[in-house]
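What follows is a short report on a single structure.
Computed from heavy atoms alone, side chains included, the values below leave out hydrogens, waters and symmetry copies.
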2 protein chains.
Amino acid sequence: MPPRSPAEDRAAADSDTAAAGREQTRQRVIEAAIGLLEREGRDAVTTRAVAVAAGVQAPAIYRLFGDKNGLLEAVAEYGFAAFLAAKHVDPDPQDPVEDLKAGWDLAVEFGLANPALYTLMYSEPGNATSAAFTAGMEILMGRIRRLAAGGWLRVDEQLAATLIHATARGAVLTWLSLPEDERNPALLTALRTAMVTAVTNQQPAVRDAGPAGAARALRAALPEQTTLSSAEQHLLREWLDRLAADG
Amino acid sequence: MPPRSPAEDRAAADSDTAAAGREQTRQRVIEAAIGLLEREGRDAVTTRAVAVAAGVQAPAIYRLFGDKNGLLEAVAEYGFAAFLAAKHVDPDPQDPVEDLKAGWDLAVEFGLANPALYTLMYSEPGNATSAAFTAGMEILMGRIRRLAAGGWLRVDEQLAATLIHATARGAVLTWLSLPEDERNPALLTALRTAMVTAVTNQQPAVRDAGPAGAARALRAALPEQTTLSSAEQHLLREWLDRLAADG
DNA sequence: GGTGGCATGTATCGACGATACCGCAAGGCT
DNA sequence: AGCCTTGCGGTATCGTCGATACATGCCACC
């Protein structure tokens, strides 16, 4: 959200109601655009149609969103935020791998539930900055971090995130591109297990959770390593001893 | 391709040259559209711009392709056919799994080499009927059939084809959506092995959870730690990054 | 040498995204 | 209190888009 405009600062007395009204019409325009998008398809979302559907004048859209792309971005963010808000995220999952599956299912479910919105967001490359979008990314990164902390992660955290995105995107777009009578639910489960196999280890690399367990595991697996110089390895071992003893 | 038009039948004498000329201008228009698409982006492909780029009148496009969508479909088919023709397919591969990988690489390579064309073809669901498209599908189905004949296939042939498509689509679109400095080639190889694991019976090489996994775990679990000084933690993190990336 | 049919070329239509311009209502200043 | 500045909402309009009607002219055929 941008900082308060000078006009709002000057008229601080009723800026609340004015800003509230503005936000209200903004929301009405967005919902009208979503309605058109899901009811009549992407091409039906024109500035004029959205304006009459929302009961506002055509230039109001440009004043509210600056651009048609701005409107579409606002629509994408609104839809994604609404979906995220409707779903609750387990803050402390027992099985991080199951949690990963749940997160993947969530992403795919969003795509299948809002096909027009999903293709609008993910069909063409480019935009990646959005409040709701980064919020979803934060949730995903949290899941990945828990996996890593448990020693489950097979690849880099960044690569894991990209792999999850790529499989989910391929799953949703391919599913949507199939005629309804060829949509096999096994596609989704197979892709999900493929994602899990690519991202996680079958057995965690650390036996005990927490830094001490990870330090012990790393200390045990280290001798074969040559990436570090011998001096570095020596110092690293010392620290690992301290970390392992700390648990 | 439709059967010969009555006009062509009637003027059979020079229908060859006439049809050839027509096909020539058709090809010129398609190439002009491809040039605009890859040089100035999707939105630059307007009927007028294509017409002036190809040196034809605006209505000629509608006479040749009937519609702007017709032009775009012709463009997609042309580009895909050109790519298919440039690549030769091993008719009798020795290792069908390696052949599957090669086919997947081919599909992904097409997407990475022709990003605008690829997003045009696969971004939005719908069109699936095209000569070159079905030709590519035939090649893919041949590969899958050889896998099935060798007993390699783990799932339905249809599901295998869909899985291959979905992973390739996710790989290409995700790759293209990343900024150039975040494009990790490991994404493609990881997705390819995930696809092979999902489609074939080939078990992934059981990777020992080496130091990289433990390093990742320790890196993710570290922030709560206070045993080390901040300077030590900083250096440790650096080493853990190197160890984690080494796997 | 007509004659009919079809491709070519010009002009134009409705809709789209986007914006300039005008009136007006609401504080601020003297 | 009255004037004035400031910014918002409403009307009209611009340039471009996809798509098409209409006139023109070319060419084979009789």
What nitrogen or oxygen pairs link the protein and nucleotides 8-10 of chain C at under 3.5 Å?
unit_1, atom_1, unit_2, atom_2, d
C:dG9, OP2, B:Q57, OE1, 2.7
C:dG9, N7, B:R63, NH2, 3.2
C:dG9, O6, B:R63, NH2, 3.2

Send over the distance from [X] [atom1] to [N] [atom2], rounded to a whole Å.
{"X": "B:D43", "N": "C:dG17", "atom1": "CG", "atom2": "P", "result": "12 Å"}
{"X": "B:R48", "N": "D:dG15", "atom1": "CZ", "atom2": "C1'", "result": "10 Å"}
{"X": "A:N69", "N": "C:dA18", "atom1": "CG", "atom2": "C1'", "result": "13 Å"}
{"X": "A:I61", "N": "C:dG17", "atom1": "CD1", "atom2": "C1'", "result": "10 Å"}
{"X": "B:K68", "N": "D:dT16", "atom1": "NZ", "atom2": "P", "result": "16 Å"}
{"X": "B:Y62", "N": "D:dA21", "atom1": "OH", "atom2": "C1'", "result": "14 Å"}
{"X": "B:L64", "N": "C:dA7", "atom1": "CG", "atom2": "P", "result": "11 Å"}

Does [Y] offer a backbone N or O that forms a donor-acceptor pair with the side chain of [X] under 3.5 Å?
{"X": "B:R183", "Y": "B:L178", "result": "yes"}
{"X": "A:R28", "Y": "A:A54", "result": "yes"}
{"X": "A:T174", "Y": "A:A171", "result": "no"}
{"X": "A:R26", "Y": "A:L64", "result": "yes"}

For residues A:Q158 and B:N184, is any side-chain donor paired with an opposing acceptor at under 3.5 Å?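 Looking only at side-chain atoms, B:N184 and A:Q158 do not form any donor-acceptor pair under 3.5 Å.
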
Report yes or no: do A:R154 and A:T197 form a side-chain donor-acceptor pair below 3.5 Å?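 Not at all, the side chains of A:R154 and A:T197 share no donor-acceptor pair under 3.5 Å.
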
Can you find a side chain N or O atom of A:T47 that sits less than 4.0 Å from OP1 or OP2 on C:dG17?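 Yes, because at least one side-chain N or O of A:T47 sits under 4.0 Å from OP1 or OP2 of C:dG17.
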
Would you please classify the geometry between the B:H165 ring and the B:Y122 ring as parallel, tilted or perpendicular, with 30° and 60° separating the classes?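 Answer is tilted, since the angle falls between 30° and 60°.
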
State whether the number of non-hydrogen atoms from other residues, nucleotides or ligands found under 6.0 Å of B:W152 atom CH2 is greater than 12.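 Result for CH2/B:W152: open.
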
Output one line per pair: protein atom, nucleotide atom from nucleotides 24-26 of chain D, and distance, for all N/O pairs under 3.5 Å.
none

Testing the basics here: between B:E77 and B:A131, what is the closest heavy-atom pair and its distance to 0.1 Å?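 Distance-wise, the nearest heavy atoms are OE2-CB, 3.0 Å.
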
